[in-house]
Amino acid sequence: MSTGGRRVTAFAPGKLILLGEHAVVYGHRAVALAVERGTTVTLDPCEGPTRLADADPALRADPRLARALAAVLPAEGLAVTLATDLPVGRGMGSSAALAVALVRATARLAGREADLDECIAQGFVLERIFHGSPSGLDHTVSARGGAVVYRRTDDGPELSPLDLPAPLPLVVLDTGRAGDTAALVAGVAARRPGVDPALAAIGALVDATLPALRAGDLVTVGRAMDEDQRLLEAIGVSTPEIEALVTLARQHGALGAKLAGAGGGGVVIALCPEPDALLAAAQARGVPAMRA
Ligand code: MEV
């Protein structure tokens with residue numbers, strides 16, 4: 001397949017998991033939000049084998065990238081450029097955004113648009129290359145956009161949009177360290193059945209918090225985030241760096257804060273209606289921070 005001599009591009013957003021990571025792998029619900037940042041794939045026609053022409057260093061450094069590209073792209077005739085404004089490997093869905101953008105770009109090569117089902121099915125093939133045995137949450141949110149409630153079932157993903165009365169006032173704080181999702185998920189699996197009560201408690205917390213999310217009750221949502229963080233610590237995926245940022249957030253006006261994604265590093269999200277004090281405190285400590 002060639003691009004017909006023309007350039008093809010596609011974008012997909014990253015995500016933040018508000019509640020429910022890790023437990024979602026075991027069939028519990030999770031809530032996640034697509035973010036504005038994401039990954040763009042550009043395919044240009046070229047002579048010879050398909051090759052990576054240019055990519056952000058953090059994306060290029062991933063040893064799984066070549067396998068992911070080979071899984072969807074034709075072997076000949078494409079120069080691939082990858083650009084992202086997501087922090088890579090920090091729990092913001094950079095690989096999921098890459099997966100969905102690749103599926104969209106590949107469909108455009110054939111002169112059509114990939115629909116949601118195709119993005120979810122094909123994106124999962126790529127996410128498995130990156131993360132081993134993921135729940136499918138990350139790329140599903142990237143493909144769907146917006147806020148979603150997600151559950152993995154034996155019959156496939158159960159996905160429903162979550163209507164928030166207003167965007168959540170989230171601040172993202174970056175530990176500056178990448179977490180290895182596949183290794184963290186495998187670590188939790190190895191600690192079962194001991195961690196099963198904590199995983200079930202995370203699932204119950206998500207279910208119990210949905211009405212507060214729909215009602216815009218930020219105090220209750222913040223408390224749930226704090227409780228989720230406590231449970232994520234109990235299953236062994238938090239780190240001292242994460243906990244330092246959670247404490248910083250709580251000391252500077254956050255209603256709740258937690259790691260977001262697989263943990264082991266990555267980002268912390270803080271629910272912070274008045275974010276200026278937290279953003280200033282992060283800046284004073286050299287912690288990369290942004291509003292989501
Ligand atoms: C990673 O972003 C989220 C995890 O729940 C893994 C998964 O859902 O596949 C840790």
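Each ligand, and each atom within it, is numbered from 1 in the order the structure gives. Keep in mind that the numbers below use all heavy atoms, side chains included, and drop hydrogens, waters and symmetry copies. Count residues from 1 along the sequence.
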Heavy-atom side-chain proximity of R112 to E118 below 4.5 angstrom: yes
Test item: side-chain donor near acceptor, Q229 and S238, under 3.5 Å: yes
Ligand-side contact atoms (ligand 1) for residue partner H22, heavy atom cut-off under 4.0 Å: 4 (C), 5 (O), 10 (C)
Ligand 1 to E21 polar contact by distance, N or O atoms, under 3.5 Å: no
L259 and V246, any side-chain heavy atoms less than 4.5 Å apart: no
Ligand 1 versus L184: contacting region, heavy-atom distance under 4.0 Å: neither
Any N/O pair S133/ligand 1 closer than 3.5 Å: no
Min N/O separation K15 to ligand 1 under 3.5 Å: yes
R128 NZ/CZ over F124 ring centroid, <6.0 Å and within 45° of normal: yes
Side-chain H-bond candidate by donor/acceptor type, T84 with T39, under 3.5 Å: yes
Protein heavy atom at shortest distance from atom 3 (C) of ligand 1: I17 CD1, 3.5 Å
Per-atom contacts, ligand 1 versus S135 - under 4.0 Å to a heavy atom: 7 (C), 8 (O), 9 (O)
Numbered atoms of ligand 1 (with element) below 4.0 Å of P134, judged on heavy atoms: 9 (O)
Donor-acceptor pair between T153 and E158 side chains, under 3.5 angstrom: no
Minimum-distance protein heavy atom relative to atom 2 (O) of ligand 1: D138 OD2, 2.8 Å
Ionic contact status for D44 with R6, cut-off 4.0 Å: no
Close-contact set for ligand 1 against V24 heavy atoms, below 4.0 Å: 5 (O), 8 (O)
